[in-house]
Amino acid sequence: MCGRFASFRSAQDVADDLAVAELAEDARALAPSWNVAPTDGVRIVVERPARLPDGGHGEITRSMRLARWGLVPSWAKDPGVGARMINARSETLLDKPAFARPLAARRCLVPAEGYYEWRRLPPPAGAAAGGKGAAKVPKQPYWIHPAEGGVAFAGLYEFWRDPARAADDPDRWLVSTTIITTAAAPHLAHVHDRMPVALPAAAWDAWLDPAVGAEEAARIATGPVHDLALTPVTTRVNAVRNDGPSLLEPDPAPIDAGVPATA
């Protein structure tokens, strides 16, 4: 599953690429990250009716907002559940109550430059298998990304109201998001059997359109995805405290040396 990604381009550049009309200040101010982790703040692109001063709704506007990565359903008792809901499987979107509702009404794009995945490798020759004292199974991290530019992951978002906060507290609402995953493309399956749904530009309008129903949206989420390349990187990315462009540099001595990298 997608448990770490990178988002480091400027908010304005991303907004221009995704034809965003309204850019929230907190989304604009979000610092770049080469190691986005669950529960971090992330940018999402949505289409919603503008809220009018009289409480009514105006025309639908494409906007970029800030959300926390890890979906918190509206009915959740506390936001901690979000850490376990960073991904939603495309095959069961219509069956899971936590995802079926936002699939019908609250779909988003999660802009990124790529994501990381770890390939589990065979244990060293002669190492003990399983049990106490067994050798730690080595993993090779990979940076999986488009040849140039960024991607837009298919996502869902939700609003959760904190019952402990007053009705007039501007922080009473938490906006959270999840990234949809699908079976890995053939050239990526040896690394991991799942990958995020990176929608091609031709699918963005329909995915965001509130008039598109849940069943059609589910079909979009299982359609063709953006073509991605992979590059082995060092284990520095394993620690969330590490950040910066150096995380994307190819591993000079990958332990998965038998698999060619594509940059």
As a quick check of understanding, evaluate side chain to side chain donor-acceptor pair (under 3.5 Å) for R236 and T234, giving each step before the final call.
CA-CA 5 Å; R236 289 190 65 248; T234 71; 5.4 Å; no
Checking L109 against I44 for the side chain to side chain contact (heavy atoms under 4.5 Å, CB included) test, could you report, in this order, the C-alpha distance in whole Å, the side-chain angles of both residues, the deciding distance, and whether it holds?
CA-CA 6 Å; L109 296 173; I44 62 172; over 6 Å; no
After noting the C-alpha distance and the side-chain angles of T61 and E47, does the key distance pass the side chain to side chain contact (heavy atoms under 4.5 Å, CB included) rule?
CA-CA 5 Å; T61 302; E47 286 190 359; over 6 Å; no
Side chain to side chain contact (heavy atoms under 4.5 Å, CB included), that's the test. Do V46 and L208 meet it? Break it down for me.
CA-CA 6 Å; V46 305; L208 293 177; 5.5 Å; no
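Looking only at distances, no side-chain donor or acceptor of R101 sits under 3.5 Å from a matching main-chain atom of P73. Although no hydrogens or angles enter the test, the distance criterion places a donor-acceptor pair under 3.5 Å between the side chain of Q140 and the main chain of I255. In this structure, R107 contributes its side chain and L103 its backbone to a donor-acceptor pair below 3.5 Å. Between the S176 side chain and the V72 main chain, a donor and an acceptor come within less than 3.5 Å of each other. One N or O on the side chain of W160 and one on the backbone of A76 form a donor-acceptor pair closer than 3.5 Å. Using modelled atom types, no side-chain atom of N242 and backbone atom of V237 make a donor-acceptor pair closer than 3.5 Å. Formation of a donor-acceptor pair under 3.5 Å by the D243 side chain with backbone atoms of W34 is found in this model. Of the possible polar contacts, one joining the S10 side chain to the D13 backbone as a donor-acceptor pair under 3.5 Å is found. Without hydrogens or angle criteria, R194 side chain to T181 main chain gives a donor-acceptor distance under 3.5 Å. Between the side chain of S33 and the main chain of S7, no donor-acceptor pair closer than 3.5 Å is present.
Residues W207 and V212 form no side-chain contact, since every pair of their non-hydrogen atoms from C-beta on lies 4.5 Å or further apart. Using a 4.5 Å cut-off on side-chain heavy atoms (C-beta onward), V14 and M64 make contact. Counting heavy atoms from C-beta outward, M85 and E158 have side chains that stay 4.5 Å or more apart. Taking 4.5 Å as the limit, every side-chain heavy atom of L248 sits out of range of all side-chain heavy atoms of T231. A heavy-atom distance below 4.5 Å is not found between the side chains of L23 and S63. In this structure the side chain of P79 reaches within 4.5 angstrom of the side chain of R68, judged on heavy atoms. The shortest side-chain heavy-atom distance between P141 and Y116 does not fall under the 4.5 Å cut-off. The shortest distance between side-chain heavy atoms of I60 and R48 does not fall below 4.5 Å.
Taking CD1 from I220 and CG from D209, the interatomic distance works out to 8.5 Å, rounded to the nearest 0.5 Å. Distance CZ/R89 to OG1/T178: 12.5 Å, rounded to 0.5 Å. The CZ atom of F5 lies 9.5 Å from the CD1 atom of I86; values are rounded to the nearest 0.5 Å. Atoms CZ and OG1, from R106 and T177 in turn, are 11.5 Å apart once rounded to the nearest 0.5 Å. Of the inter-residue distances, the one linking N87 atom CG with I180 atom CD1 reads 10.0 Å to the nearest 0.5 angstrom. If you take CD on E113 and CD1 on I144, they are separated by 15.0 Å, rounding to the nearest 0.5 Å.
Applying the 6.0 Å contact sphere to CD of E91 captures more than 12 heavy atoms from other residues, nucleotides or ligands. Counted within 6.0 Å of CZ on R161, heavy atoms from surrounding residues, nucleotides or ligands total more than 12; the atom is thus considered enclosed.
Tracing side-chain contacts under 4.5 Å through hydrophobic residues (I, L, V, M, F, W, Y), one reaches V175 starting from F99; they form part of the same cluster. V233 and W118 fall within the same hydrophobic cluster, defined by Ile, Leu, Val, Met, Phe, Trp and Tyr side-chain heavy atoms under 4.5 Å apart, directly or through other members. Hydrophobic clustering, with ILVMFWY side chains joined whenever heavy atoms are under 4.5 angstrom apart, groups W173 together with L71. A single hydrophobic cluster is not seen to contain both L66 and L174; linkage of ILVMFWY side chains at heavy-atom distances under 4.5 Å, directly or through other members, places them apart. A continuous path of hydrophobic side-chain contacts links V42 to L18 [ILVMFWY only; heavy atoms under 4.5 Å].
No close placement of the W143 and Y115 rings is indicated, their centers lying 6.0 Å or farther apart.
Shown here for R43 and L30, the closest heavy-atom pair between the two residues is NH2-O, 3.0 Å. Here the closest non-hydrogen pair linking D78 and G80 is OD1-N, 2.8 Å. Scanning both residues, N35 and A239, for their nearest heavy atoms gives ND2-O, 3.1 Å. V151 and G114 get closest at one heavy-atom pair: CG2-N, 4.3 Å. Closest approach of F153 and A112 over heavy atoms only: CE1-CB, 3.6 Å. L228 approaches P146 most closely through the heavy-atom pair CD2-N, 3.6 Å.
The pair D162-R165 counts as a salt bridge, with a side-chain nitrogen and a carboxylate oxygen less than 4.0 angstrom apart. Salt-bridge annotation for R62 and E22: absent, with no side-chain N of the basic residue lying under 4.0 Å from a carboxylate O of the acidic one. Using a 4.0 Å cut-off between a side-chain N of Lys or Arg and a carboxylate O of Asp or Glu, D17 and R9 qualify as a salt bridge.
Put simply, the residue from R119, K139, H190 that forms a side-chain hydrogen bond (donor to acceptor under 3.5 Å, both in side chains) with D256 is R119.
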